[in-house]
Amino acid sequence: SQGAPESSGTSGGESNDGPKKYAFVFKNTGNPYGEKMLDGFESTIKELGGEVILRSPDQPTAEGQIQIIEQLITQKVDVIAVAGNDPDALEPALKKAKDQGIKVLSVDSAVNAASRDIHVNQANPERIGRVQIEAVSEMIGGEGQIAVLSATSQATNQNTWIEWMKKELEKEDYKDIELVKVAYGDDLRDKSVSETEALLKSYPDLKAIIAPTTVGIAAAGKVLTDKGLEGQIALTGLGLPSEMATYIKSGVSPWMYLWNPIDVGKGAAYAAYELGEGNITGELGEKVDLRDLGEVEVVEDGEGTQIMLGDPFKFDETNIDEWKDVY
Amino acid sequence: MEQKKQTYQPRTLETNLPFSWKRLFFQWEWMLLLILIAVLLLGSYVSPYFLNYPSLRDGTMVFLDKALIVFPMAMIMIMRDIDISVGSTVALSSVVMATLYTSAGLPMEVAIIACLATGAICGLINGLLIVKFKELSAVIVTLGTMILYRGIAYIILEDQAAGGFPEWFGFFGWGYVFGIPFLLIVFAALALLFGIVLHKTTFGRKVFAIGNNPTASRFSGIKVDKVKVIVFMLAGLLAAVTAIFLTSRMGSTRPNIATMYELDIIAMAALGGVSTAGGKGRVLGVVIAVFIIGYLQYGLGLINLPSQIFLIIVGALLILSVAIPKLGGMMKRK
Amino acid sequence: MEIKTENLDLEKKNPLALFYQFRELGLFFFIVILCIGVQLRNPSFLTGENILDMATNTSILVILALGMMIVLITRGIDLSIGAVIALSGMLTAQLVAANPTVNPFLCLLIGTIIGALCGMVIGLLVAKVGLLPIIATLALMNIFRGLTFLVSDGEWVSSYQMSESFVEIATGTFLGLNHLIWIAVIFCLVFFYFLNYTRTGRQIYAVGSNPQSAAVSGIKQGRILFLVYTIMGGLSGLCGVLWVSKFASAQGDTASGYELTVIAACILGGVSIAGGSGKLAGVLLGAILLGILNNALPLLNVSPFWQNGIQGFIILLAVIVNAIVKRRVERIHLLRRAG
Amino acid sequence: MTNEFVLEMKGISKAFPGVKALNDMQFQLKKGEIHALMGENGAGKSTFIKIITGVHQPTEGEMLLVGEKVSFQNPKQAQQHGIAAIYQHVTSYPDLSVTENIFMNHEIRHQVWKTLNWREMHKQARQLLRELGSSLDPKAQMNTLSVAQQQIVEIAKAISTKAKIIIMDEPTAALTARESEELYRITEKLRDEGTSIIFISHRFEDMYRLASRVTVLRDSNYIGTWDVEDISNEKLIVAMVGREINQIFPDKKTSAGETVLEVKNLCKLGEFEDISFSIKSGEILGMTGLVGAGRTEVCQAIFGITAFDKGEILLSGRSIRNKNPQAAMNNGIGYLAEDRLDQGLLVDWSIEKNITLANLSDLSSFTWIHRDKEKRQAKEFGEKVHIKATSIFDSVNSLSGGNQQKVAVAKLLTKELKVILLDEPTKGVDIGAKAAIYEIVQQLAEAGYAVLFVSSEMPEILGMSDRILVLKEGRIAADFVNRGITQEMILEAAMGEEQVQEKSG
Ligand SMILES: Nc1ncnc2c1ncn2[C@@H]1O[C@H](COP(=O)(O)OP(=O)(O)OP(=O)(O)O)[C@@H](O)[C@H]1O
Ligand SMILES: Nc1ncnc2c1ncn2[C@@H]1O[C@H](COP(=O)(O)OP(=O)(O)OP(=O)(O)O)[C@@H](O)[C@H]1O
Ligand SMILES: [Mg+2]
Ligand SMILES: [Mg+2]
């Protein structure tokens with residue numbers, strides 16, 4: 001017989017008095033990007049009068065997140081927001097949570113449709129792919145070889161964005177741009193450096209690198225700086241302003257993109273609150289009030305639904321100084 | 001014989017030990033039991049959700065999957081070896097199972113058998129390399145295969161996840177039998193089985209003998225190599241069993257599951273009193289140690305302590321539990 | 001008195017004998033063949049620039065492997081070095097972020113001291129309390145890693161917070177070679193001298209070779225063990241600073257799992273886990289092999305999904321080939337002695 | 001105050017947890033004398049030595065060095081006071097070179113640089129070894145040497161410290177008569193140069209040959225000190241054992257039956273060549289030769305531990321090939337290993353588990369071990385060989401050498417065997433226990449076992465064997481029927497240039 005025989009708590013919300021509990025499970029600890037998101041989530045939920053629980057496993061693994069979700073179920077939280085380390089592997093755990101009446105939303109990295117009520121997308125992946133190709137094209141004058149330096153070969157977000165980049169490159173405007181390689185630095189400094197160096201050696205005519213990941217873009221920036229290649233090879237992608245400040249100012253990376261993780265956390269908090277209060281259910285076409293972030297509509301995302309926050313934000317030398325201390 | 005002059009006085013050897021309180025109480029398992037009780041009390045003190053049957057019951061499901069490997073790991077450590085490839089073996093067997101089911105379209109039952117076979121073969125390869133190349137230690141062999149097995153998992157599944165298993169497969173990781181988690185039942189059964197094998201059978205005796213003195217064991221007619229290969233195979237097999245439970249809990253699999261499991265497992269065995277210097281260890285101690293670490297983590301999780309604090313606490317616990325008896329011994333001698 | 005080892009004298013007269021005595025012969029050939037293979041596939045492999053890159057990237061591994069070698073020789077192991085690297089790197093980086101004017105040498109010194117302190121804790125637990133090294137360092141690995149997250153509060157220290165002079169430590173060059181290469185070379189020389197020409201150096205081998213005899217010959221074992229872990233800690237601390245300077249970023253999970261790479265380098269180089277034996281040349285070769293793999297696999301355009309598998313396969317192959325060559329050499333010795 | 005004694009020990013006691021190893025020990029050592037220390041296994045001799053060298057600290061008593069009171073907290077201090085020791089269990093560094101073994105912890109350093117002076121150390125090592133009559137290469141790694149060679153290195157090490165007192169704890173245990181002779185010469189030379197020597201041995205010949213005085217210990221107690229000339233053999237044995245032993249070697253009752261084991265042209269590259277012999281049931285075949293002659297190798301090849309290249313082994317006329325020790329044991333061949341600590345016993349285990357280790361399959365059903373059966377068997381065989389212990393649960397490392405050896409023998413007896421290969425069964429065993437072992441061996445032969453008795457000690461080879469094989473450099477140098485054979489004849493065969501082929505008929 002499957003499923004708990006005597007359910008260990010009927011439903012999360014109803015059996016509890018007092019403020020509702022909102023939990024956010026990020027990918028791993030010690031990740032400043034995540035810390036900012038958690039900050040945004042925490043402050044917003046507090047403003048709204050809920051109780052906040054912030055958790056992350058010490059390693060970015062699905063197993064760690066499953067453990068945490070189990071513990072959250074036992075604590076009878078009302079809403080779980082999760083940035084998934086794996087889209088599918090959390091399904092049984094999150095389903096168990098949903099069975100007990102807990103509302104589930106994913107943020108930043110989606111979990112599959114069956115295990116969530118809604119996904120809060122930091123930005124439209126299609127747009128993310130497109131702006132980076134546009135940027136690179138502008139930096140290299142519309143022709144030449146480019147390469148992508150990604151995180152791990154399994155990172156879902158990055159893989160989606162890279163797919164969109166490839167689609168974008170099929171356009172007529174970019175026919176002279178050749179994507180020669182997608183390399184994976186596994187979000188490790190040393191590996192990202194080796195991979196970047198190998199790119200430079202294997203493709204002497206390389207004109208630009210797109211690195212849609214924080215560790216990767218910073219490592220690539222470092223290699224290009226050390227080898228004195230600024231102006232010859234352009235670098236763009238997605239990175240933390242604090243990590244990239246040096247390279248943006250030195251011109252190694254003329255500009256790059258990211259959204260504001262604090263806002264993502266905020267958006268997640270509002271969505272979580274609306275879900276928890278029963279104001280929305282995650283149905284297609286619902287309107288979600290994200291207060292100062294505006295009102296957005298629930299749209300389709302594969303088999304599930306999502307809301308999308310703003311476009312990625314462009315960081316260049318004019319604004320990097322004011323952002324580098326923020327996140 | 002009687003007519004010969006005896007050059008020695010006849011002696012008798014006692015075969016019954018007098019009862020001794022000291023022997024009964026100066027045992028590692030009591031200390032572990034005390035720690036476990038302390039952990040449970042602490043847990044109930046800090047969190048209202050901790051000390052009730054459903055919570056303790058479901059808590060076990062959070063940590064018991066990897067704990068299955070602790071039994072053969074204890075055997076390996078008793079033999080003065082170590083296996084750091086078990087995490088990769090979990091990943092590879094899981095990936096093979098999922099691929100055979102999803103891509104090759106084989107029935108799930110066959111895929112499960114293939115998973116077990118994969119684990120056993122991984123263990124077999126470890127064992128064979130270790131006994132054929134004695135100049136290489138188990139550390140280097142399993143370090144190599146650790147990278148290799150996970151590498152093969154990546155080659156098979158690349159960046160894909162594989163899942164969509166039949167409904168009943170979820171039973172392994174999430175199911176209950178008579179209100180008890182299936183995983184807990186399997187764990188208990190394995191604990192009993194390994195306890196018997198290690199402490200009551202000739203095989204277990206041989207494992208201890210090898211840990212104490214491999215040369216003398218060989219000279220006494222123990223097939224040291226065979227025993228080693230079998231134990232490493234068991235480790236592979238149990239890694240595959242873990243793969244089944246873990247995959248069931250996640251509903252899908254990827255090549256990067258079960259990373260760093262080996263360290264957690266070694267920590268559990270060490271806390272349980274298994275000495276990596278060989279020749280010592282008991283299944284009971286290992287079982288208690290599993291629950292100590294498991295419930296400690298679970299309890300701290302319920303009060304939402306950051307996971308890095310947990311790292312520190314487990315580290316300190318490991319050191320204190322091993323150091324305190326030693327320090328006590330040092331005091332007594334002075 | 002007739003003793004068979006007189007024959008040992010004969011070996012010296014054979015010009016090949018010296019060659020045979022070099023125990024990592026198999027490994028050396030393996031590396032040569034590997035290099036030729038890679039070069040044929042990608043001609044940019046054996047260019048000056050790439051060799052320099054490779055050397056720079058392998059320097060930290062070499063330094064750490066030296067420390068790990070002496071730990072292994074005493075029958076110990078240190079699993080905490082990745083965590084010590086992270087802790088010392090993080091603390092030093094925070095210092096630099098707070099005082100950009102700190103002298104880089106002071107940074108190196110402070111990092112080394114932090115690491116040495118960590119190492120002393122291990123040394124005390126192993127030498128005085130008598131914990132097994134694998135347990136003690138496994139536990140401290142967790143503790144140091146946890147501490148790193150606590151002191152950093154999950155934040156990173158980024159390149160803009162680091163002073164030019166600090167980053168210069170790992171990027172600057174002297175006589176055309178990166179500072180890191182120089183540091184590694186200096187440490188190799190110091191270790192060579194230390195291990196072969198000082199009493200303490202030889203006592204490290206003695207303690208690992210036979211602890212009981214070391215005790216009866218009056219060697220203070222506890223002191224040697226303490227020293228060895230302190231050195232390992234100091235080197236890890238130093239490498240923490242170098243790491244952070246090289247990558248211009250300090251994270252909580254810096255060098256996570258790096259201890260296994262370092263141990264792999266040592267064991268590849270013929271250091272015995274059972275203690276007592278291990279040569280600097282071997283360890284150097286081991287580290288170089290790993291360095292080549294890290295450099296060559298991306299260059300060969302190997303699919304990222306295959307890299308892990310290939311790396312594991314090559315490591316296994318290398319140790320097995322080395323073992324087989326060693327057996328062959330011993331067989332040749334035997335034949336000669338018999339004939 | 002001038003002092004006749006370089007070393008004086010007064011009222012020394014030492015207690016280990018649970019054991020009183022030494023009780024009120026008295027000892028006086030003169031300058032330039034060789035002083036023998038004798039006693040049964042476990043009498044406390046080695047413990048006493050370790051107290052002198054600072055490895056252990058006495059619980060009570062005081063120690064005077066040339067009249068001055070000293071107490072050593074560690075071995076280094078003893079070394080600095082000119083005391084050097086060669087310990088019972090060779091304490092070498094297997095991974096290091098001969099030179100390093102000799103100079104460990106008192107290395108020669110450059111005057112200026114304070115770095116180790118390898119050139120000088122190698123030179124001196126070579127010199128020292130040459131003085132000892134050995135041409136070992138100082139750069140050779142220790143674990144490539146045979147036990148005898150290691151012993152020589154140990155002696156060189158003691159001499160290299162320029163010690164005034166050298167202690168030798170059973171240095172001859174691993175040596176043959178020839179090598180012992182060499183050692184006597186070295187020892188006497190040292191004495192003549194003014195060094196005082198404490199010499200521990202279970203061999204009476206050593207004592208008579210070397211020592212001027214002898215001190216006897218029994219059961220941790222000091223019994224007395226005598227001039228060697230003044231004390232008779234019988235009295236000495238009584239002092240040591242506490243009772244009379246009228247007959248050391250049992251009466252021989254040769255009643256050889258059919259040939260059980262036959263070895264034909266056994267060869268192994270670099271170890272032995274062309275070994276052929278046969279043993280009948282009830283027969284004891286002695287095998288001797290110089291250390292390194294390959295006796296152990298032959299035994300281990302027969303027992304299936306190492307493989308051999310050529311040749312044949314026949315058991316009761318049937319050709320067998322033992323792939324591993326288990327196969328050998330199933331075929332009815334047992335082997336008592338030479339190195340009991342490393343190869344024979346699990347020293348951390350109890351007597352009981354050691355005895356039954358080789359016979360677990362008979363004590364279990366479906367691999368489940370029956371503890372009662374096991375205990376019964378351990379008791380039976382433990383008593384059969386007269387192990388001196390209180391219970392079968394005593395740990396083996398709490399036993400003295402002789403009793404440890406008896407445990408190993410008891411283990412061998414649990415299996416049903418036809419042939420037993422005994423490799424140095426009395427090495428390091430006291431006179432009382434030796435007699436007991438001889439008697440056990442004789443009983444085995446009478447019970448129909450075919451016994452191969454390997455030993456370096458001539459008296460016991462002559463006293464025990466029906467026939468004697470002499471090995472030289474891996475070949476059979478002689479095959480005697482033990483009738484009217486003398487030590488000289490054996491030695492000649494073991495060392496002589498031409499092969500003495502005296503086929504027994
Ligand atoms: N470290 C120790 N701990 C406990 N007991 C010990 C220790 N060392 C020796 N003993 C015990 O002390 C007693 C004397 O041992 P010792 O080694 O001195 O005997 P011995 O006279 O040298 O014997 P043998 O002739 O066999 O070498 C024995 O009963 C032994 O078991
Ligand atoms: N100098 C040496 N270097 C390397 N191997 C050696 C050396 N001397 C001996 N051996 C090996 O050790 C083997 C056995 O030596 P060992 O001394 O054990 O012989 P043995 O006749 O059994 O002597 P014993 O039993 O009296 O010690 C020899 O056959 C030889 O192969
Ligand atoms: Mg002794
Ligand atoms: Mg021998």
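Quick note: numbers below take in every heavy atom, side chains included, and nothing from hydrogens, waters or symmetry partners. Throughout, a chain's letter reflects where its sequence line sits, starting with A, and its residues are numbered from 1.
Chain A forms the most heavy-atom pairs under 4.5 Å with one residue out of Ser158(C), Gly252(C), Ala296(C), and that residue is Ser158(C). Of the listed residues (Glu195(A), Lys324(A), Lys36(A), Lys181(A)), the one with the most heavy-atom contacts under 4.5 Å to chain C is Lys324(A). The greatest number of non-hydrogen atom pairs below 4.5 Å with chain A, out of Val167(C), Thr171(C), Asp53(C), Asn295(C), is found for Asp53(C).
Heavy-atom distances place no part of Val182(A) under 4.5 Å from chain C, backbone and side chain included. Only the side chain of Lys222(A) comes within less than 4.5 Å of a heavy atom of chain C; its backbone N, CA, C and O stay farther away. Proximity to chain C (any heavy atom under 4.5 Å) is shown, for Ser250(A), by neither the backbone nor the side chain. For chain C, the nearby part of Tyr203(A) is the side chain; its heavy atoms alone come within less than 4.5 Å. With a threshold of 4.5 angstrom between heavy atoms, Asp325(A) approaches chain C through its backbone and through its side chain. Contacts between Lys249(A) and chain C at a heavy-atom distance below 4.5 Å are absent for every atom of the residue. The parts of Phe247(C) that come within reach of chain A are both its backbone and its side chain, each placing non-hydrogen atoms under 4.5 angstrom from that chain. For chain A, no part of Gln161(C) is nearby; none of its heavy atoms comes within less than 4.5 Å. Contacts of Tyr247(A) with chain C are made by side-chain atoms alone, with heavy-atom separations under 4.5 Å and no backbone atom involved.
Atoms OG1 and NZ, on Thr47(C) and Lys201(A) in that order, are 6.5 Å from each other to the nearest 0.5 Å. Taking CD of Glu197(A) as the reference point, atom CD of Glu49(C) lies at 8.0 Å (rounded to 0.5 Å). Note that the OH atom of Tyr160(C) and the OG atom of Ser242(A) stand 5.5 Å from one another [nearest 0.5 Å]. The distance from the CG atom of Asp253(C) to the OG1 atom of Thr29(A) is 8.0 Å, given to the nearest 0.5 Å.
The neighbour count for Glu317(A) CD, taken as heavy atoms of other residues, nucleotides or ligands under 6.0 Å away, does not exceed 12. More than 12 heavy-atom neighbours from other residues, nucleotides or ligands sit within 6.0 angstrom of CD on Glu322(A).
Here the side chains of Ser202(A) and Asn42(C) are in contact, with some heavy-atom distance below 4.5 Å. Contact annotation: the side chain of Tyr258(C) never approaches that of Leu188(A) to less than 4.5 Å [non-hydrogen atoms, C-beta and beyond].
The heavy-atom pair separating Asn31(A) from Trp156(C) by the smallest distance is CA-NE1, 4.1 Å. Across all non-hydrogen atoms, the minimal contact from Thr246(A) to Ser159(C) is OG1-OG, 2.5 Å.
In summary, the side chains of Ser249(C) and Glu243(A) do present a donor paired with an acceptor at a separation below 3.5 Å, with no hydrogens or angles considered.
Contact check on Lys246(C) versus Asp190(A) returns no salt bridge, with no Lys/Arg side-chain nitrogen under 4.0 Å from an Asp/Glu carboxylate oxygen.
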message: Please evaluate residues Asp153(C) and Glu35(A) with respect to the criterion side-chain contact (heavy atoms from CB on, under 4.5 Å), reporting the C-alpha separation (whole Å), side-chain torsions for both, the decisive distance (0.1 Å), and the verdict.
response: CA-CA 9 Å; Asp153(C) 203 18; Glu35(A) 300 292 331; 5.6 Å; no
- request: List the steps, then state whether side-chain contact (heavy atoms from CB on, under 4.5 Å) holds for Ser194(A) with Asn57(C).
  value: CA-CA 8 Å; Ser194(A) 297; Asn57(C) 291 338; 4.3 Å; yes
